[in-house]
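Only this structure's heavy atoms are used, side chains among them; waters, hydrogens and symmetry mates stay out.
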Amino acid sequence: MSARDRWERVLRAGVAAAVAGVSMAACATVPTTGPVVPGDGNDLEGDPYGGYVRLLPAGPQPGVDPSGLVSGFLQDMGSFEQDYEAARSYMMPTTGEEWSPDGTVRVFPELDTVDLDAETSTDGLTATVRMRSSLVATIGEDGRYVPGDSERLLEETFTLARQDGDPEGEWRIQDLPEELILSQLDLERTHRPFNLYFFNPEENTLVPDPVYLPVNNDRLAEHLLRRLIKGPSEWLEPAVVSAFSGRTRPLLEVDAERALISVTTTEEPDEFGMGAQIAWTLRQLPEIQEFTLTVNGSEVDFPGAEGESADRPRPGSSYWYEVSPGATTPDISAYYSHEGQLWSASDWDTGALGEREPVPGPLGSGEVQLERFAVSLDEQTIAGITAGGDEVVTGGTVPGAPVREVLSEGTFTELSWDVNGDLWVLEEIDEGDGEEEEPEEEVDLEQPHLGGTAPAPDSTALWHLRDGDEVVRVDVSGLRGSTMVQFQTSRDGTRVAVITEVDGQRSLQVGRVVQDADGQVSLGSFVTLAHELEEVTDVSWRSGDQLVVLGSREGGTSQAFLVSLDGGTPPASAGTSVASMVSISGAPGQPLVAGSDDGNIWVSTDPLSWQNVVEGGSPTFPG
């Protein structure tokens, strides 16, 4: 990014901060509605350190046998104080000095599930203890949480020796894995999910990268910053960029309320980008009230940012909103259809929609009948699938706007926009096209196939329309063998959420978006979320780090759930079940909206309940 581009971005950020300040003052009396749900790090409530309880370790007990020593070690490993002083007390002195956990964490259910098999040498001076349990999860060196597989076991080996080589000496650990091995309870007590923030390739929106970090010491801010400067997780790296290059060398100093970040780089620095990544990452820690960024020896000023001075901005300043990970504005409208026409609604109030008005333009007015629609993030363009599902058209939200056909001669089912003005379209493919085959029982591809045979693999295609026009077929070979039933791209354009189906079984997955130098777009590295949910029927991006889905737990009724992308947070109910919900949508800072099959629209008015607000269907926020 050129120096001119950076300066223009700083100026835009200053203007955005001023506008946001005016808007916040003007809206100070507007009632807050909808459930308060953490997302994108910009509205976290409560203390990130809450729930942490210091473990009082028992230490190695006199006369304990090899299995007992390892059992005690596993129990006390959850004490992180004084650089794992408790865990090191179970080791030989040299081993304790050299042991340096590499950041990886392997998680087992509880001590009662651990099988320890000890084998002592014939001279009684050494022993080998093999540990075996089920693997709940792994946290990699990059902080990414990966749930365990039911078929995978956690197996580790410990080598023990008698102290001082004395046959009567106490057993101590001589060799062990360079990783932490924690029970699920210890992990929940000691670790929390946080977001690191990086830019999408166009550098117009930040993208959250969830990591799990221990919260039991006073160096959390430093750990977050080091992880941020080091770069994104291995999973997200191909989809994002960072203002901190791989050759950036950091020097960090954090006191009670302020972080000092000094970096040296041989490349032309993107100072605003660095500041934005730091600010959005640090705003998750309430104790950090300001930061100072020094680049190649010079303190960076951020004119317009709230703070004691331009070189001491607040992480929570509205100055950084221009690249907000939500990729939306606080005053966005929700859209819905009613009697062949599209309507918008804003100024939400408890139990009602305020300022409902028809959407202008040929697609909004109903001149062209639509089965499905999606609104661009700037709310200037509507994309729609025409009645019959065989065409995709776009049109502006102004009277007399032309209607353009962008895809035709297909069976199109899903639409979504990203912040770059790119349109994503899902199409069902009739595998019967080609040479004639014996007729088979007709399958209605418009139905979700909950109880029957799913369409054949590769029976869906995904199209990426750059600027809503240039058509590129997306490589979805990472989903080969399954069918995309529902699809929505993240508003930042770097990830996709899909509901897939194989043999009648559905699952919720998230994959990353990668574009190569030749412009080829591919989806890959899909991760399954919310394993415990069944019959997942719809999905929407509530924020950059959280989905809202319709589904059910085993034996339960269908309802809305909030699903975090961190991999370790269980799905949370988004209110009591409402019969016949068929669609749902969310946006940062907005209540959830849902449509039911009886032609009604529902709004979440608090964390526990839904309110029927208007007749209509297919409610959606831009995106």
Tyr197 side, atom OH; Ser324 side, atom OG - distance, nearest 0.5 Å: 8.5 Å
Heavy-atom pair of closest approach, residues Gly551 and Phe561: O-CE1, 3.4 Å
Residues that Phe108 engages under ring pair (Phe, Tyr, Trp, His ring centres under 6.0 Å), provided they are two or more places apart: none
Under the side-chain contact (heavy atoms from CB on, under 4.5 Å) test, residues paired with Ala243 that sit two or more places apart: Asp270, Met274, Gln277
Atom pair OG1 (Thr95) and OH (Tyr90), whose distance is rounded to the nearest 0.5 Å: 15.5 Å
side-chain contact (heavy atoms from CB on, under 4.5 Å) partners of Thr292, counting only residues at least two apart: Arg258, Leu260, Thr294, Glu299, Arg312
4.5 Å side-chain heavy-atom contact, Thr205 and Val323: no
Salt bridge present between Arg227 and Asp142 (N-O < 4.0 angstrom): no
By salt bridge (Lys or Arg N to Asp or Glu O under 4.0 Å) - contacts of Asp209 (at least two apart): none
Spacing of OG belonging to Ser522 relative to CD belonging to Gln515, to within rounding of 0.5 Å: 9.0 Å
Contacts of type ring pair (Phe, Tyr, Trp, His ring centres under 6.0 Å), residue Trp424, not counting sequence neighbours: His464
Under 3.5 Å: donor-acceptor pair, side chain of Gln380, backbone of Asp378: yes
Note, Ile278 side chain near Leu228 side chain (heavy atom, < 4.5 Å): yes
Test salt bridge (Lys or Arg N to Asp or Glu O under 4.0 Å) applied to Glu222 - qualifying residues, sequence neighbours left out: Arg219, Arg226
Stepwise side chain to side chain contact (heavy atoms under 4.5 Å, CB included) check, Ile139 with Val146: CA-CA 6 Å; Ile139 299 176; Val146 180; over 6 Å; no
Test item: Phe621 and Val593 side chains (from C-beta on) under 4.5 Å apart, heavy atoms: yes
Minimum side-chain heavy-atom gap Phe302-Ser317 below 4.5 Å: no
Donor on one side chain, acceptor on other, Arg249 and Thr264, under 3.5 Å: no
All side chain to side chain donor-acceptor pair (under 3.5 Å) counterparts of Glu287, not counting sequence neighbours: Tyr49
Set of residues satisfying salt bridge (Lys or Arg N to Asp or Glu O under 4.0 Å) with respect to Asp186, sequence neighbours excluded: Arg189
Side chain proximity check, Phe487 to Val539, heavy atoms < 4.5 angstrom: no
Those residues that, when tested against Thr138, pass side-chain contact (heavy atoms from CB on, under 4.5 Å) (two or more places apart): Thr104, Arg106, Leu135
Side chains of Phe291 and Ile261 in contact at under 4.5 Å (non-hydrogen atoms): yes
From CA spacing to verdict: side-chain hydrogen bond (donor to acceptor under 3.5 Å, both in side chains), Glu178, Ser100: CA-CA 6 Å; Glu178 294 290 332; Ser100 178; 5.3 Å; no
Check: Ser604 side chain, Leu592 main-chain N or O, donor-acceptor pair, under 3.5 Å: yes
Sidechain-backbone polar pair: Trp320 side chain, Trp280 backbone, donor-acceptor under 3.5 Å: no
Heavy-atom side-chain contact between Asp311 and Val300 under 4.5 Å: no
Step-by-step side chain to side chain contact (heavy atoms under 4.5 Å, CB included) determination, Met91 to Leu176: CA-CA 9 Å; Met91 305 176 196; Leu176 73 164; 3.7 Å; yes
Distance (rounded to the nearest 0.5 Å) between Gln546 CD and Leu565 CG: 9.0 Å
Flag for Ser79-Asp76: side-chain donor and acceptor within less than 3.5 Å: no
Salt bridge (Lys or Arg N to Asp or Glu O under 4.0 Å) evaluation trace for Arg314 with Glu306: CA-CA 6 Å; Arg314 288 179 47 240; Glu306 302 166 26; 2.6 Å; yes
Contacts of type ring pair (Phe, Tyr, Trp, His ring centres under 6.0 Å), residue Trp99, not counting sequence neighbours: Tyr84
Salt bridge (Lys or Arg N to Asp or Glu O under 4.0 Å) partners for Arg495, two or more places apart: Asp492
Closest heavy-atom pair and its distance - Pro622, Ile332: CD-CD1, 4.2 Å
Any donor-acceptor pair under 3.5 Å from Trp541 side chain to Gln488 backbone: yes
Glu234 atom CD, over 12 foreign heavy atoms within 6.0 Å: no
Heavy-atom closest contact (Ser543 atom, Pro588 atom, distance): CA-CG, 4.1 Å
Contact summary for Ala259 and Leu282, nearest pair of heavy atoms: CB-CD1, 4.0 Å
Validation row: Val498, Gln509 side chains within 4.5 angstrom (heavy atoms): yes
Heavy-atom pair of closest approach, residues Trp610 and Ala574: NE1-O, 3.2 Å
Worked verdict on Val240 versus Arg512 for side chain to side chain contact (heavy atoms under 4.5 Å, CB included): CA-CA 10 Å; Val240 296; Arg512 67 190 182 202; over 6 Å; no
Atom pair NE2 (His531) and CG (Leu508), whose distance is rounded to the nearest 0.5 Å: 9.5 Å
Value rounded to 0.5 Å, distance of CD1 in Ile229 from CZ in Phe244: 5.0 Å
Polar side-chain atom of Asp422 near backbone of Asp467 as donor-acceptor pair, under 3.5 Å: yes
Side chain to side chain contact (heavy atoms under 4.5 Å, CB included) between Val510 and Leu547, intermediate numbers included: CA-CA 10 Å; Val510 170; Leu547 305 172; 3.9 Å; yes
Least distance between heavy atoms, Thr494 atom then Ala239 atom: CG2-O, 3.6 Å
Partner set under side-chain contact (heavy atoms from CB on, under 4.5 Å) for Asp331, not counting sequence neighbours: Thr329
Exam field: side chain Thr281 to backbone Leu196, donor-acceptor pair closer than 3.5 Å: no
Glu202 side chain to Phe199 backbone, donor-acceptor under 3.5 Å: no
